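Following: one structure in structure tokens, then a few remarks.
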Amino acid sequence: MAVSDALLKWYDVHAREMPWRVGPADRAAGVLPDPYRVWLSEVMLQQTTVAAVRDYFHRFTARWPTVLDLAAAPDADVMGEWAGLGYYARARNLLKCARVVAYEHDGRFPDSYEGLLELPGIGPYTAAAVAAIAFDRAETVLDGNVERVMARLHDVHVPLPEAKPMLKDHAERHTPLTRPGDHAQAVMDLGATICTPRSPACGICPVIEHCAARRAGTAAELPKKSPKKPKPTRYGHAYLARLPDGSLVLERRAEKGLLGGMLGWPGSDWSDAPSTEPPFDAEWREIAGEVRHTFTHFHLILRLYGAELPEEAAPEGYEIIGKHAFRPSDLPTVMRKAYALWRDA
DNA sequence: AATTCGTGGCG
DNA sequence: TCGCCAAGAAT
């Protein structure tokens, strides 16, 4: 039996339940999933686990059931709803993409890889995933799961990312013309549940007889990866101010760069020797303790300063957010940590 | 082509 | 505690 046949047979029984997914039985009856939901889930799933995405997906689809609803949403609402999920450029591009689809494509997603690839925030993986899953196009997805499964199936020892093209070649040879959407999801499910990074469960693998790495005894050490750079530690200062009515002083961060477009506390740059100049005048007092947070490529240690501002002392150029309008859940995680430390001080 | 982008869970 | 890892894209 070919690899794709064995995979689909396994998937028919073991497909994981996901709120954006139409199971193999319904698909067999001709049901295709809503492209909007497939797209939304795939963007959320970029470098993010299924467990982390579930609640966000439910909140987004409850609040914005269609791409037209999302396109009409205010930027701040979408960024606030995305807060905590990370990689905030995804949220900015999500909204851009929704508006292009809504206003330039009549509210319908393109049904081809090439068409999807044109849209903001949709790269090679997501274009292939949406084309295959939502439109049953015979496209090949290449994500971390597929890379790992292919590296093992074909015993590829070339390290990533150099190995990517050859892993893609292998994956394409396995992509069937029928049920390509189920096939794509099957390979990813296999990678997520059986062909895992550490201690793969080869004993229950549906394609073990096709696996070259299993025969060679190298499955657990694949895929090889080139060494990555160590993370430096950076430092910074953040300033948390409150007005007499309980309002808080925040700022909307620049569109580009780290935490772009998100709300945050005013503060210094984050570097080896951050500026110690407060963003505006107040009776700042140091808050005991520090916030530690790790981003993709550096560790951050943040020192906090708090102030109670007098009446009529709201500084210019900031987002003054009322006591009851303020929700920590609108903030990225590092800013939530800062708020928690200040509040509990 | 190499960097820059979050966050939470896991061993 | 700490590095690794997750359904990557943009520049």
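Remember, it's a predicted structure, so these values are computed and weren't measured experimentally. Lettering follows sequence order; numbering is per chain, from 1.
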[X] atom [atom1], over 12 foreign heavy atoms within 6.0 Å:
| X | atom1 | result |
| --- | --- | --- |
| A:Arg16 | CZ | yes |
| A:Glu283 | CD | no |
| A:Lys164 | NZ | no |

What is the distance, rounded to the nearest whole Å, between atom [atom1] of [X] and atom [atom2] of [N]?
| X | N | atom1 | atom2 | answer |
| --- | --- | --- | --- | --- |
| A:Tyr88 | B:dC5 | OH | P | 14 Å |
| A:Asp55 | B:dT7 | CG | P | 17 Å |
| A:Arg148 | C:dG8 | CZ | P | 10 Å |
| A:Trp39 | C:dA9 | CH2 | P | 14 Å |
| A:Leu45 | B:dG6 | CG | C1' | 15 Å |
| A:Glu255 | B:dC5 | CD | C1' | 14 Å |
| A:Phe295 | B:dG8 | CZ | P | 11 Å |
| A:Glu42 | C:dA9 | CD | C1' | 14 Å |

Within the structure shown, what part of the strands sits under 4.0 Å from [X] by heavy-atom distance: base, sugar-phosphate, or nothing?
| X | value |
| --- | --- |
| A:Thr126 | sugar-phosphate |
| A:Arg92 | nothing |
| A:Gly257 | sugar-phosphate |
| A:Met262 | nothing |
| A:Ile122 | sugar-phosphate |

### Query
Hey, can you pull the residues of residues 223-239 of chain A with a non-hydrogen atom under 4.0 angstrom from DNA chain C?
A:Lys225, A:Lys228

### Query
From the list B:dT7, B:dC5, B:dG11, which nucleotide is the closest neighbour of the side chain of A:Pro332?
B:dT7

### Query
From the list C:dC5, C:dG8, B:dT7, which nucleotide is the closest neighbour of the side chain of A:Asp143?
C:dG8

Taking only N and O in the side chain of [X], is any of them less than 4.0 Å away from OP1 or OP2 of [N]?
| X | N | answer |
| --- | --- | --- |
| A:Arg90 | C:dA10 | no |
| A:His297 | B:dT3 | no |
| A:Thr296 | B:dG6 | no |
| A:Gln46 | C:dG8 | no |
| A:Thr49 | C:dC5 | no |

### Task
With the side chain counted from C-beta on, respond yes when A:Arg21 and A:Arg37 share a heavy-atom pair under 4.5 Å apart, and no when they do not.
no

### Pairwise 5' ranking along DNA chain C for A:Lys256 and A:Tyr87, keeping only the more 5' one
A:Tyr87

#### Entry: Inter-nucleotide P distance (B:dG8, C:dA9), Å rounded
22 Å

### Query
Regarding A:Tyr125 and A:Glu42, is there a side-chain donor-to-acceptor distance under 3.5 Å anywhere?
yes

### Task
Go through the steps for A:Leu341 and A:Leu304 under the test side-chain contact (heavy atoms from CB on, under 4.5 Å), then give the verdict.
CA-CA 9 Å; A:Leu341 183 60; A:Leu304 305 185; 3.6 Å; yes

### Task
Please figure out whether A:Gly86 or A:Arg198 has its closest DNA chain B nucleotide nearer the 5' end.
A:Gly86

### Query
Is the cationic atom of A:Arg59 (NZ for Lys, CZ for Arg) positioned less than 6.0 Å from the six-membered ring centroid of A:Tyr56 and within 45 degrees of its normal?
yes

### Message
If you take the centroid of each ring, where Trp contributes its six-membered ring, are A:His293 and A:Phe295 closer together than 6.0 Å?
### Response
yes

